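Comments concern the structure below.
Computed from a prediction, not measured in an experiment: that's the story for all the values here.
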Amino acid sequence: QVQLVESGGGLVQPGGSLRLSCAASGSIFRIDAMGWYRQAPGKQRELVATITSGGSPNYADSVKGRFTISRDNAKKSVYLQMNSLELEDTAVYYCTADMRTTRWSPWGDYWGQGTQVTVSS
């Protein structure tokens, strides 16, 4: 069974930093794009950042210049370095990946269980 497991969330003061990690496990043939989304209380889930298999990143305007997405294809992992955190960054952060489990299977969109990030003084 394919899983995405996030780690690294927590409580941080405004202006602080956190690094989220997400690792894919299970029977995986290939991983394409990976990324991070977030959902704040009472709001819709929104894109934070994505990264292609070749390493090209894409960011939401609200996090440009503060967050950095990266990946390690050998470890089937994606990371999100979050600096200069603001109160508005408080949310549950979800890892996502487009993956194929076998050579013949279709691409599927997989999601992690989420990790809480709370920015508070």
Side-chain angles (χ1 to χ4, degrees):
Q1 184 175 352
V2 175
Q3 291 187 40
L4 292 172
V5 179
E6 303 104 331
S7 61
L11 174 64
V12 63
Q13 292 186 337
S17 298
L18 280 176
R19 186 174 189 253
L20 304 183
S21 300
C22 172
S25 64
S27 178
I28 300 169
F29 173 71
R30 188 161 294 168
I31 303 176
D32 193 7
M34 304 183 81
W36 294 91
Y37 283 71
R38 68 186 181 186
Q39 187 166 18
K43 295 188 176 181
Q44 289 188 330
R45 190 173 297 188
E46 64 175 4
L47 169 73
V48 176
T50 60
I51 186 166
T52 67
S53 57
S56 296
N58 178 60
Y59 298 98
D61 288 342
S62 58
V63 306
K64 280 181 181 177
R66 301 189 298 121
F67 291 9
T68 302
I69 189 170
S70 61
R71 65 189 286 169
D72 185 329
N73 291 333
K75 294 182 178 180
K76 299 175 184 169
S77 295
V78 62
Y79 310 96
L80 187 68
Q81 178 66 43
M82 305 185 292
N83 298 328
S84 303
L85 282 160
E86 303 170 353
L87 297 177
E88 293 75 20
D89 296 317
T90 295
V92 177
Y93 284 70
Y94 297 91
C95 169
T96 182
D98 295 329
M99 298 189 286
R100 296 172 71 181
T101 56
T102 71
R103 182 185 300 274
W104 303 276
S105 62
W107 289 99
D109 193 16
Y110 293 82
W111 292 81
Q113 81 287 351
T115 185
Q116 177 70 47
V117 171
T118 302
V119 184
S120 175
S121 56

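Distance check: N58 CG to T52 OG1 gives 10.0 Å after rounding to the nearest 0.5 Å. Taking OH of Y37 as the start and CZ of R45 as the end, the distance is 9.5 Å to the nearest 0.5 Å. Expressed to the nearest 0.5 Å, how far NZ of K75 lies from SG of C22 amounts to 14.0 Å. From Y59, atom OH reaches atom CG of L47 across 11.0 Å, with rounding to the nearest 0.5 Å.
Side-chain contact of D109 with T96: a donor-acceptor pair under 3.5 Å is present, judged by distance alone.
S25 has its side chain out of reach of K76: every pair of non-hydrogen atoms, C-beta onward, lies at least 4.5 Å apart. A heavy-atom distance below 4.5 Å is found between the side chains of S62 and R38. Within the 4.5 Å cutoff, side-chain heavy atoms of W36 are placed close to those of C95. Taking 4.5 Å as the limit, some side-chain heavy atom of S120 sits within range of a side-chain heavy atom of L11. Using a 4.5 Å heavy-atom cutoff, the side chains of S77 and M34 are not in contact. Two residues are said to be in side-chain contact when any heavy atoms from C-beta on lie closer than 4.5 Å; Y79 and D72 meet this criterion.
Shown here for M99 and A24, the closest heavy-atom pair between the two residues is SD-CB, 4.1 Å. Nearest heavy-atom pair across S27 and V2 is O-CG2, 3.4 Å. Of all heavy-atom pairs between S121 and P14, the closest is N-CD, 3.8 Å. Closest of all the heavy-atom pairs between Q81 and S17 is NE2-CB, 4.0 Å.
L4 and V92 fall into different hydrophobic clusters, where Ile, Leu, Val, Met, Phe, Trp and Tyr are joined by side-chain heavy atoms under 4.5 Å apart, directly or via other members. Criterion: ILVMFWY side-chain heavy atoms under 4.5 Å apart, direct or through other members. Under it, L80 and Y94 are not part of a common hydrophobic cluster. W104 and F29 fall into different hydrophobic clusters, where Ile, Leu, Val, Met, Phe, Trp and Tyr side chains are chained together by heavy-atom contacts under 4.5 Å. At a threshold of 4.5 Å between side-chain heavy atoms, the hydrophobic network of Ile, Leu, Val, Met, Phe, Trp and Tyr places V48 and I69 in one connected group.
Within the 3.5 Å criterion, the main-chain N or O of T101 finds a donor-acceptor partner in the side chain of S105. At distances below 3.5 Å, not a single donor-acceptor pair connects side-chain atoms of T118 with backbone N or O atoms of T90. Side-chain atoms of R66 come within 3.5 Å of backbone N or O of S84 as a donor-acceptor pair.
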TODO: Go through D89 and M82 one step at a time and tell me if the side-chain contact (heavy atoms from CB on, under 4.5 Å) criterion holds.
DONE: CA-CA 9 Å; D89 296 317; M82 305 185 292; over 6 Å; no

- [ ] For N73 and I31, run side-chain contact (heavy atoms from CB on, under 4.5 Å): C-alpha distance rounded to whole Å, both residues' side-chain angles, the deciding distance at 0.1 Å, then the answer.
- [x] CA-CA 8 Å; N73 291 333; I31 303 176; over 6 Å; no

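Aromatic ring pairs are classed by plane angle as parallel below 30°, tilted from 30° to 60° and perpendicular above 60°; the pair Y93 and F67 is tilted.
Sorted pairs that involve residues 4-32 and meet salt bridge (Lys or Arg N to Asp or Glu O under 4.0 Å), not counting sequence neighbours, are lacking altogether.
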